[in-house]
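Below is one structure, written out as C-alpha cells, with a few remarks after it.
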Amino acid sequence: MSPKIHVLLLAGDGANVMQKGYSTGGVTQLKLQVDGSAGHPSCVVASKAQIYRVIAPVTVADGRWHVLACTRTSTNLSISVDGAALGRIPVPADVSIVNSEPLRIGAKNLSPNNDQYAGLLDDVFLVID
C-alpha cells in the first residue's frame, strides 16, 4: 500500500490512514497510521496472538504532503516515507492478515473512539501480490 498523506491535526494515539481488521478480539489486522502528536507513521500487522509494528523515526506532521508505504513480504514488515526505507521488522511467514473485515480509509470503524485520521488523504491504494 502507498497512501499519500498531508497531516493537518493529530488527536490522540494512532490516527488511522487505513485499516483492515483489528489487533484484538481474535481478528487479524493490517494498518497504516500516524502515531500521536509527534506524527510518526507506523505499519502494523497483527495475528490473532501477536502485534508487529514498525515505526518511522521521522514526523509527517509538518504541513507538507508525504508518500507513505507499508510493505509486507513473507518475512518482513517495512515502512518508507517519501521513498526512503526507514524501518523494518521480522514477521513470521505464517502470519496471515486475511480476514472478512472491510478495508477502511481514515478510521477503523464507524463507532466512537475510532482513531479517526484528522488530515487530508490522497491517492490511497493497496497492492496485493
Side-chain angles (χ1 to χ4, degrees):
M1 78 192 127
S2 296
K4 184 188 288 185
I5 69 166
H6 184 202
V7 178
L8 296 178
L9 170 69
L10 295 172
D13 294 333
N16 285 2
V17 174
M18 61 79 52
Q19 180 169 329
K20 179 167 176 38
Y22 300 95
S23 62
T24 60
V27 181
T28 60
Q29 180 186 67
L30 171 64
K31 175 164 75 168
L32 171 60
Q33 67 183 12
V34 177
D35 294 323
S37 60
H40 294 270
S42 68
C43 299
V44 175
V45 165
S47 70
K48 293 180 180 181
Q50 182 152 354
I51 299 171
Y52 303 89
R53 183 170 127 187
V54 59
I55 304 170
V58 298
T59 185
V60 294
D62 59 6
R64 291 184 252 164
W65 285 100
H66 294 279
V67 176
L68 303 181
C70 289
T71 304
R72 164 76 193 278
T73 64
S74 62
T75 58
N76 289 301
L77 177 65
S78 61
I79 188 164
S80 65
V81 177
D82 299 327
L86 295 177
R88 182 176 68 197
I89 60 167
V91 176
D94 63 349
V95 171
S96 173
I97 54 173
V98 174
N99 62 59
S100 62
E101 298 296 327
L103 175 66
R104 304 250 189 216
I105 306 298
K108 66 181 170 188
N109 57 40
L110 302 174
S111 67
N113 302 315
N114 65 5
D115 297 339
Q116 188 171 17
Y117 183 83
L120 300 174
L121 299 173
D122 189 24
D123 298 332
V124 178
F125 64 92
L126 180 67
V127 176
I128 301 172
D129 289 333

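All values reported here derive from a predicted model rather than from experimental measurement.
- Residue pairs meeting the salt bridge (charged side-chain N to carboxylate O under 4.0 Å, His left out) criterion with at least one partner in residues 40-58, sequence neighbours excluded, are Asp35-Arg53.
- Scanning all heavy atoms of the two residues, the minimum distance from Cys43 to Leu32 falls at SG-CD1, 4.2 Å.
- Under the 4.5 Å side-chain heavy-atom criterion for ILVMFWY residues, no single connected hydrophobic cluster contains both Ile55 and Val34.
- Nearest heavy atom pair, residue Tyr22 against residue Glu101, reads CE1-OE1, 3.5 Å.
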Enumerate donor-acceptor pairs with a distance under 3.5 Å from any side-chain N or O in residues 74-98 to protein atoms, sequence neighbours excluded.
| unit_1 | atom_1 | unit_2 | atom_2 | d |
| --- | --- | --- | --- | --- |
| Asp82 | OD1 | Val67 | N | 2.9 |
| Asp82 | OD2 | His66 | ND1 | 2.7 |
| Ser96 | OG | Val98 | N | 3.1 |

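- Gln19 CD to Gln33 CD: the interatomic distance, rounded to the nearest 0.5 Å, is 8.0 Å.
- Distance check, rounded to the nearest 0.5 Å: CG of Leu30 to NZ of Lys20 gives 9.0 Å.
- A continuous path of hydrophobic side-chain contacts links Val124 to Val45 [ILVMFWY only; heavy atoms under 4.5 Å].
- Cluster partners of Ile51, using a side-chain heavy-atom cutoff of under 4.5 Å among ILVMFWY residues and allowing indirect links, are Val44.
- A donor-acceptor pair under 3.5 Å is formed between the side chain of Asn99 and the backbone N or O of Thr28.
- Atom-to-atom distance recorded for Lys31:NZ and Ser42:OG is 7.0 Å, nearest 0.5 angstrom.
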